[in-house]
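Here the structure comes first, spelled out in structure tokens, and everything after it is commentary.
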Amino acid sequence: LATGPRQNDSVFYEIRTYDIKPSKMKEFVEMANKYFHLRMTHSELVGLWSAELGAMNKVVHIWKYDDFAHRTAVRQALASDKDWQGKFIAPALSMIEKQHNEVAYLVPWCQLGKPPKEGGVYEWVTFQMKPGGPALWGDAFRAAISAHINTGYTKLIGVFHTEYGLLNTVHVMWWNESPDHRAAGRHRAHEDARVVAAVRDSVRFLESQQNMLLIPLQFSPLK
């Protein structure tokens, strides 16, 4: 049932979310900082973050692939990489409580962005939309995102629409200088008639919404 404008090429993003045992979160982050460069030699990491608000003991990482054959080749290479398997995977398995992955495409009207500087925070907002796909809610959703961009208080990094995972899910990633800067901008946006009108139109198609404040790990390409 998910229909509408489709991406122009085969590039997709795998969004992986790990729930870490609370007692192991610090150790997991330290180990990732030490060994994740081994994983990054196999395919492009967009970013890796730990959740600060909206969830606890959770990490989110996003990988870019040229197509599904590319991902298959990478997974096969990782399985044969003794350094990666021995130094990270083997000890990490005992630290992870749950794993979840999704395949998503950037929406056709969005390019993957970068923050204007390092040192900020990322907001990861997940929208569960009504069945029907972008053909039903795409224009209204885009208008709501554009209205927030036009306020100028936040920077759009990417809008991802799921292909595998829970369908009709859209993840939107924003960058802000700080949590306080984000809060002040949100207050201004709530008083902006353009934002209010666009959001009122888009929520007709919304089932649920959840967000997390994410902090990039030291080696994350998006910082």
ring-ring contact (aromatic ring centres under 6.0 Å, His included) between Phe36 and Phe88: does it pass, once the steps are laid out? CA-CA 8 Å; Phe36 229 68; Phe88 185 84; 5.3 Å; yes
ring-ring contact (aromatic ring centres under 6.0 Å, His included) assessment of His70 paired with Tyr65: CA-CA 6 Å; His70 179 210; Tyr65 293 102; 5.4 Å; yes
Check step by step if side chain to side chain contact (heavy atoms under 4.5 Å, CB included) holds for His148 and Tyr153. CA-CA 8 Å; His148 282 85; Tyr153 80 90; 3.8 Å; yes
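A cation-pi arrangement is not found for Arg142 relative to Trp137, the charged atom failing to lie both closer than 6.0 Å to the ring centre and inside a 45° cone about the ring normal.
Between the Asp67 side chain and the Ala69 main chain, a donor and an acceptor come within less than 3.5 Å of each other. Between the side chain of Arg204 and the backbone N or O of Asp201 there is at least one donor-acceptor pair closer than 3.5 Å. Remark: side-chain polar atoms of Thr154 are paired, donor with acceptor, to backbone N or O of Trp175 under 3.5 angstrom. Checked by atom type and distance alone, the side chain of Tyr35 never pairs as donor or acceptor with a backbone atom of Ile89 at under 3.5 Å. Judged purely by atom type and a 3.5 angstrom limit, Ser10 uses its side chain to pair as donor or acceptor with the backbone of Asp66. Here the side chain of Gln128 pairs a donor or acceptor atom with the backbone of Leu167 at under 3.5 angstrom. Judged by distance alone, with hydrogens and angles left aside, the side-chain atoms of Thr41 form a donor-acceptor pair with the main-chain N or O of Leu38 at under 3.5 Å. Of the possible polar contacts, one joining the Ser220 side chain to the Leu48 backbone as a donor-acceptor pair under 3.5 Å is found. Judged by distance alone, the side chain of Asn168 and the main-chain N or O of Gly133 form a donor-acceptor pair under 3.5 Å. At distances below 3.5 Å, at least one donor-acceptor pair connects side-chain atoms of Thr72 with backbone N or O atoms of Phe68.
For the ring pair (Phe, Tyr, Trp, His ring centres under 6.0 Å) with His61, the qualifying choice from Tyr18, Trp49, Phe219 is Tyr18, the only one to do so. Exactly one of Glu177, Glu52, Glu123 qualifies for a salt bridge (Lys or Arg N to Asp or Glu O under 4.0 Å) with Arg182. That residue is Glu123.
Once rounded to the nearest 0.5 Å, the distance linking CD of Glu14 with CD of Glu102 reads 10.0 Å. Taken to the nearest 0.5 Å, the OG1 atom of Thr17 stands 6.0 Å off from the NE2 atom of His100. For the atom pair NE2 of His42 and CZ of Arg71, the computed distance is 14.0 Å after rounding to the nearest 0.5 Å. Rounding to the nearest 0.5 Å gives a distance of 11.5 Å between CG of Leu222 and CG of Leu214. Considering SG of Cys110 and CD1 of Ile157, their distance stands at 9.0 Å, rounded to 0.5 Å. To the nearest 0.5 Å, atoms CG (Leu78) and OG (Ser43) are separated by 6.5 Å.
Residues Phe127 and Val172 are in side-chain contact: their nearest non-hydrogen atoms beyond the backbone lie under 4.5 Å apart. For the pair Pro116/Lys155, a side-chain contact is recorded, criterion being any heavy-atom separation below 4.5 Å from C-beta on. Using a 4.5 Å heavy-atom cutoff, the side chains of Val46 and Trp63 are not in contact. Between Ser50 and Leu217, the closest side-chain pair of non-hydrogen atoms falls below 4.5 Å.
With hydrophobic clusters built from ILVMFWY side chains whose heavy atoms lie under 4.5 angstrom apart, Val60 does not share a cluster with Leu53.
Ring geometry for His190 against His187 counts as perpendicular: the plane angle is over 60°, on a 0 to 90° scale with 30° as the lower cut.
The aromatic ring centroids of Tyr105 and Phe160 lie 6.0 Å or more from each other.
In this model, a donor atom of one side chain and an acceptor atom of the other lie less than 3.5 Å apart for Thr126 and His171.
With respect to the salt-bridge test (charged N to carboxylate O, under 4.0 angstrom), the residues Lys130 and Glu207 qualify. Ion pairing between Glu30 and Lys26 holds under the 4.0 Å rule for side-chain N and carboxylate O.
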